[in-house]
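Presented below is the structure to which this report refers.
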Amino acid sequence: MAFPEPKPKKPELPKKLVQNLECKQGAVRAVRFNVDGNYCLTCGSDKSLKLWNPHKGTLLKTYSGHGYEVLDAAGSFDNSQLCSCGADKTVALWDVASGQVIRKFRGHAGKVNCVQFNEEATVILSGSIDSSVRCWDCRSRRPDPIQILDEAKDGVSSLKVSDYEILSGSVDGRVRRYDLRAGELYSDYIGSPVTSVCFSKDGQCTLAASLDSTLRLLDKDTGELLGEYTGHKNTAYKLDCCLSEKDTHVASCSEDGKVYFWDLVEGSLTLSLTVGRGVVQSLSFHPSEPGLLTATEGRVQFWREETHTAEEQPPAC
């Protein structure tokens, strides 16, 4: 006789605060997990970029080299390099171990909002207020971009890269997806300035946040609207949105000091997590576990699920 399969456990959401990092770098503009979720990067308004172990709450390195506030950063697949961008119109490629700038890419005509590596970390893609996405070759000494995507009619606010596509969100109210294998551009009109875009983990859907305080889940291939999520406040700032590690929930920053979680399928509000008093500017979901980083004012908080037990701290010698 076959026993029935055990009922799958309900997905847990991160709501227990396990670390509170005082970043000491002015306002934290963005917080980003690295590829495996063991480390994170914080981008400061004091021109610095910092690398942390959020599980232990320790600062590992500070990277200085931008001329103005840092707005976004990303780590390479092998954790050996970082890229960052900022209001000084530049994109920087860093060596993680030495803390030195390897290359600086100049060419954008305004502040650079978002930056991503491609999968092999051979190309950096950057999106700017100048309405363009630029692709920079990390390995050549060429100062100019290898490609410029200038279809946006207003500033590019958000950018994500998969193995063969580029997803961008723009203030012109459109989400654009460049399919590099097919050489096609797909554009979906949201109608309100788009502040953040991301792919679902299964690669079937895209999520877009916009300044009408609404998140929209779109079918990647058809552009069909699959879900709308409301209840948070986002009317003035560029705020992040994301999906949980198993695509069960949609999450968004909010201007009322909270992070909101919705059930992806039902669209119902599952959790509103009070983070602080000010605007929650940025968030990042752990790639494989129920862990969440949030940035508000000068602090970053690390949240885990209720059943999580903290790592044992080594005794101080």
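For clarity, every value in this text was computed on a predicted model and none was experimentally measured.
- Note that CG of Leu207 is 10.0 Å distant from NZ of Lys160, once rounded to the nearest 0.5 Å.
- Nearest approach of Cys253 to His232, heavy atoms of both residues: O-CD2, 3.6 Å.
- A distance of 3.5 Å separates CD of Gln25 from OG1 of Thr42, quoted to the nearest 0.5 Å.
- Remark: side-chain polar atoms of Asn118 are paired, donor with acceptor, to backbone N or O of Val123 under 3.5 angstrom.
- Contact of the His66 side chain with the Ser84 side chain is registered, since non-hydrogen atoms from C-beta on lie closer than 4.5 Å.
- Checked by atom type, the side-chain pair Ser244/Thr248 shows a donor-acceptor distance below 3.5 Å.
- Under the 3.5 Å distance criterion, with hydrogens and angles disregarded, a donor-acceptor pair is assigned to the side chains of Ser210 and Arg216.
- A salt bridge is defined here as a Lys NZ or Arg NE, NH1 or NH2 lying under 4.0 Å from an Asp or Glu carboxylate O, and Asp172 with Arg176 meets this definition.
- Here the CD atom belonging to Glu289 is positioned 11.5 Å from the CD atom belonging to Glu12, to the nearest 0.5 angstrom.
- Under a 3.5 Å cut-off, the side chain of Lys238 and the backbone N or O of Ser157 do form a donor-acceptor pair.
- Applying the side-chain contact (heavy atoms from CB on, under 4.5 Å) test between Tyr260 and each of Val250, Asn234, Leu269 identifies Leu269 as the sole match.
- Aromatic pair His286/Trp303: ring centres not closer than 6.0 Å.
- Counting only distance, with no hydrogens or angles, the side chain of Gln81 and the backbone of Trp94 share no donor-acceptor pair below 3.5 Å.
- Clustering ILVMFWY residues whenever any of their side-chain heavy atoms sit less than 4.5 angstrom apart, transitively, puts Leu225 in the very cluster that holds Val194.
- Under a 3.5 Å cut-off, the side chain of Glu119 and the backbone N or O of Ser162 do not form any donor-acceptor pair.
- Considering CG of Asn79 and CG of Asp36, their distance stands at 5.0 Å, rounded to 0.5 Å.
- A donor-acceptor contact shorter than 3.5 Å links the side chain of Ser128 to the backbone of Lys111.
- Of the N and O atoms on the side chains of Gln281 and Thr296, not one donor lies less than 3.5 Å from an acceptor on the other residue.
- Transitive grouping of hydrophobic side chains (ILVMFWY, heavy atoms separated by less than 4.5 Å) keeps Val171 and Leu211 in distinct clusters.
- Smallest separation of non-hydrogen atoms from Gly223 and Asp188: CA-OD1, 3.6 Å.
- Considering only heavy atoms from C-beta on, His108 comes within 4.5 Å of Ser132 through its side chain.
- Side-chain contact check for Ser196 versus Cys241: some heavy-atom pair is nearer than 4.5 Å.
- Of all the heavy atoms in Cys138 and Ile124, the pair that sits closest is SG-CG1, 3.5 Å.
- Under a hydrophobic clustering in which Ile, Leu, Val, Met, Phe, Trp and Tyr are joined whenever their side-chain heavy atoms come within less than 4.5 Å, directly or via other members, Leu21 and Leu293 fall into the same cluster.
- Looking only at distances, a side-chain donor or acceptor of Lys220 sits under 3.5 Å from a matching main-chain atom of Gly203.
- Using a 4.0 Å cut-off between charged nitrogen and carboxylate oxygen, Glu22 and Lys24 do not count as a salt-bridge pair.
- With contacts defined as side-chain heavy-atom distances shorter than 4.5 Å, the pair Leu167/Thr206 qualifies.
- Follow the hydrophobic side-chain contacts under 4.5 Å out from Leu159 and you reach Leu180 in the same cluster.
- Grouping the Ile, Leu, Val, Met, Phe, Trp and Tyr side chains by contacts below 4.5 angstrom, directly or via other members, places Trp262 apart from Phe285.
- For the pair Arg177 and Ile166, the minimum side-chain heavy-atom distance is 4.5 Å or more.
- How far CH2 of Trp136 is from CZ of Phe105: 7.5 Å, rounded to the nearest 0.5 Å.
- Between the Asp247 side chain and the Asp202 main chain, a donor and an acceptor come within less than 3.5 Å of each other.
- For the pair Asp240 and Ser282, the tightest heavy-atom approach, listed with the atom from each and the gap, is OD2-OG, 2.6 Å.
- In this structure, the separation between CG on Leu13 and CD on Glu305 is 10.0 Å, given to the nearest 0.5 Å.
- Between Phe117 and Thr122 there is no side-chain heavy-atom pair separated by less than 4.5 Å.
- In Lys47, the NZ atom is not crowded: 12 or fewer heavy atoms of neighbouring residues, nucleotides or ligands sit closer than 6.0 Å.
- Counted within 6.0 Å of NZ on Lys201, heavy atoms from surrounding residues, nucleotides or ligands total more than 12; the atom is thus considered enclosed.
- Between Phe33 and Phe302, the ring planes are perpendicular. Angles over 60° get that label, and only those under 30° would be called parallel.
- Other residues, nucleotides and ligands contribute over 12 non-hydrogen atoms within 6.0 Å of the OH atom of Tyr164.
- Val96 places none of its side-chain heavy atoms less than 4.5 Å from the side chain of Ser80.
- In this model, a donor atom of one side chain and an acceptor atom of the other lie less than 3.5 Å apart for Gln301 and Thr294.
- Side-chain contact of Arg134 with Ser126: a donor-acceptor pair under 3.5 Å is absent, judged by distance alone.
- At distances below 3.5 Å, not a single donor-acceptor pair connects side-chain atoms of Thr214 with backbone N or O atoms of Thr230.
- Aromatic ring pairs are classed by plane angle as parallel below 30°, tilted from 30° to 60° and perpendicular above 60°; the pair Phe261 and His249 is perpendicular.
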- Give the C-alpha distance, both sets of side-chain angles, the deciding distance and a yes or no for side chain to side chain donor-acceptor pair (under 3.5 Å) between Tyr63 and Gln100. CA-CA 7 Å; Tyr63 301 84; Gln100 298 301 306; over 6 Å; no
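- Applying the salt bridge (charged side-chain N to carboxylate O under 4.0 Å, His left out) criterion to Arg103, with sequence neighbours excluded, gives no partner residue.
- Looking at Lys16, its side chain never comes within 3.5 Å of a backbone N or O of Thr307 through a donor-acceptor pair.
- Looking at Tyr178 and Glu151, their side chains do bring a donor and an acceptor atom within 3.5 Å of each other.
- Pairing each heavy atom of Leu243 with each of Leu264, the nearest pair is CD2-CD1, 3.4 Å.
- Salt bridge annotation for Asp144-Arg142: present, with a cationic side-chain nitrogen under 4.0 angstrom from a carboxylate oxygen.
- Side-chain contact between Tyr229 and Leu217 is present, with at least one heavy-atom pair separated by less than 4.5 Å.
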